[in-house]
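All remarks here apply to the structure that follows.
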Number of protein chains: 2
Amino acid sequence: MHELFAENQAFRANGRLWIEGPADRFLGIGRLELLERIQATGSISKAAKEMGMSYKKAWDLVSSMNAQARQPLVGAHAGGAHGGGATLTEAGAAAVAEFQAMQARFAQFLADETTRLYQ
Amino acid sequence: MHELFAENQAFRANGRLWIEGPADRFLGIGRLELLERIQATGSISKAAKEMGMSYKKAWDLVSSMNAQARQPLVGAHAGGAHGGGATLTEAGAAAVAEFQAMQARFAQFLADETTRLYQ
DNA sequence: GAGCGTTATGTTTCGGCGAATATAACGCTG
DNA sequence: CAGCGTTATATTCGCCGAAACATAACGCTC
C-alpha cells in the first residue's frame, strides 16, 4: 500500500467504534467520555460543560443510555444540598470499564493496520 | 456486558474504518464502493447514479483520492466514443484490493467483539 | 420562604454540508 | 457540423441536526 501514498509517511488507519442496539446507538467514544466525566464530577451539567456540550445534549445521551440498558447507567436527582447531582451506578461503572477495554483493543487494531500499511 | 442490556440480544459492536492522510481522508467504505463501481461501469457518472450520489460529489471524492496518491487511482477522459469514461488505474486496483482486505479484517474484529459482548 | 444549582424537557434559531442547478469543454459518430 | 454523454467546475438552494434559548420543578440552606 505504501507504494500508493505521496512521499511523506503520514497516512494511517483510523476509525470509530460503538455498540448499537436495535433502535439506537448505545455506547460510543463520546458517550464513554461523558460517563467518565459524570463519574469524576458527580454532575451531568459539569460533565457537559467540561466537554463543551450543551446540558440538553448531555441529558439526551444519558437518557438514551438509561433507556436501553437493563439497569440505568446514571442515577440523578434534582434539588437538595448543592442543587442535585448524578452518579454512575454499578452498571454504569461496569459499562465504562468494558467499553474502555474494547476501545483499547480497537486502538491496537488500528496501530496494527497502520503498521501493515508500510510493511 | 450482556448483564447490562435489555432483554433481547440485539446489541452488537459496529464501527467505521478509514485511511487518512495529513490533510484529508484518503480511503473509506464509501470511497471504496465508488472505486468498485467505477471499475464495474467504466464511468464516474454511472457509478454515482448507482450509489444515489450526485456526480459532483463523486468527482470531488475521486479528485481527493487522486490528489493524495502518488499515482492517480482513477483515469478519466471527456469526449469520444460514448462521451468519455473513467477506469481504475493499476494503482487504483491495488488500493481497492488492499482496502477490501483491511475491511475484511475489521469485519472479523467487529464480529469478535460482538461475540465477546455475550460471553 | 427566597435563593441556589441542579435535573428535566420543550421550542426556536442557525450553520454547514449535501443536493440541485448551471455551464463549458471534450472528442467521437452519423 | 450537430448531437450525444461524459468529464470538469462554480454557484445557489434547502434541509436537517446541533446549538441556543426558555421554562419548570426539585429539595436543601440560610
Side-chain angles (χ1 to χ4, degrees), chain A residues 16 18 20 23-26 28-69 71-89 91-92, chain B residues 16 18 20 23-26 28-69 71-89 91-92:
Chain A
R16 281 299 180 104
W18 63 85
E20 64 187 24
D24 197 7
R25 184 166 302 199
F26 176 58
I29 186 71
R31 290 170 190 236
L32 172 67
E33 183 179 346
L34 182 61
L35 292 180
E36 288 170 342
R37 289 181 188 271
I38 288 172
Q39 188 170 39
T41 62
S43 156
I44 295 176
S45 71
K46 285 199 183 75
K49 190 165 298 179
E50 285 185 2
M51 292 180 68
M53 174 189 297
S54 71
Y55 170 80
K56 177 171 177 33
K57 172 155 189 190
W59 186 86
D60 283 345
L61 292 176
V62 168
S63 172
S64 164
M65 287 185 276
N66 280 351
Q68 290 183 80
Q71 309 276 344
L73 304 189
V74 173
H77 59 283
H82 302 85
T87 58
L88 278 199
T89 63
Chain B
R16 282 298 182 104
W18 63 84
E20 64 187 23
D24 196 7
R25 184 167 302 200
F26 176 59
I29 186 71
R31 290 170 188 234
L32 173 66
E33 183 179 346
L34 182 61
L35 292 180
E36 288 170 343
R37 289 182 188 273
I38 288 172
Q39 189 169 38
T41 62
S43 157
I44 295 176
S45 70
K46 285 201 185 74
K49 191 165 299 180
E50 286 186 0
M51 293 180 67
M53 174 190 296
S54 71
Y55 170 79
K56 177 175 174 35
K57 173 156 188 191
W59 186 87
D60 283 345
L61 292 176
V62 168
S63 172
S64 163
M65 288 185 276
N66 279 351
Q68 290 184 80
Q71 309 276 343
L73 305 189
V74 173
H77 60 282
H82 302 85
T87 57
L88 278 199
T89 63

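In what follows, chains carry the letters A, B, and so on, assigned in the order in which the sequence lines appear, proteins first and then strands, with residues in each chain numbered from 1.
- Spacing between atom CD1 of A:Ile38 and atom P of C:dT6 amounts to 13 Å, rounded to whole angstrom units.
- Considering every non-hydrogen atom in both A:Gly79 and A:His77, the closest pair reads O-CD2, 4.0 Å.
- The distance between atom NZ of A:Lys57 and atom P of C:dC14, rounded to the nearest whole Å, is 20 Å.
- Residues B:Met65 and B:Val74 are not in side-chain contact: their nearest non-hydrogen atoms beyond the backbone lie 4.5 Å or more apart.
- Per the geometry, NE2 belonging to A:His82 stands 10 Å off C1' belonging to C:dG5, to the nearest Å.
- Among the nucleotides C:dA19, C:dT7, D:dA19, the one closest to the side chain of A:Ser43 is C:dT7.
- Within the structure, every side-chain polar atom (N or O) of A:Trp59 is placed at least 4.0 Å from both OP1 and OP2 of C:dT7.
- In this structure, the CG atom of B:Asp60 is 11 Å from the P atom of C:dA19, given to the nearest Å.
- Closest approach of B:Arg31 and B:Asp24 over heavy atoms only: NH2-OD2, 4.2 Å.
- In this structure, NZ of B:Lys46 is placed 12 Å from C1' of D:dC4, rounded to the nearest angstrom.
- Computed from coordinates, the A:Met53 CE to D:dA20 P distance equals 12 Å when rounded to whole Å.
- Distances were taken from every side-chain heavy atom of B:Ala78 (C-beta onward) to each of D:dA8, C:dA8, C:dC26; the shortest belongs to C:dC26.
- At the phosphate of D:dG5, neither OP1 nor OP2 sits under 4.0 Å from any side-chain N or O atom of B:Ser45.
- You'll find the side chain of A:Asp60 reaches within 4.5 Å of the side chain of A:Lys56, heavy atoms only.
- Atom-to-atom, NZ of A:Lys49 to P of D:dA20 comes out at 13 Å; the value is rounded to the nearest Å.
- Put simply, OH on B:Tyr55 is 18 Å from P on D:dT11, counting in whole angstrom units.
- With the nearest nucleotide of DNA chain D identified for both A:Ser54 and B:Lys56, B:Lys56 has the one nearer the 5' end.
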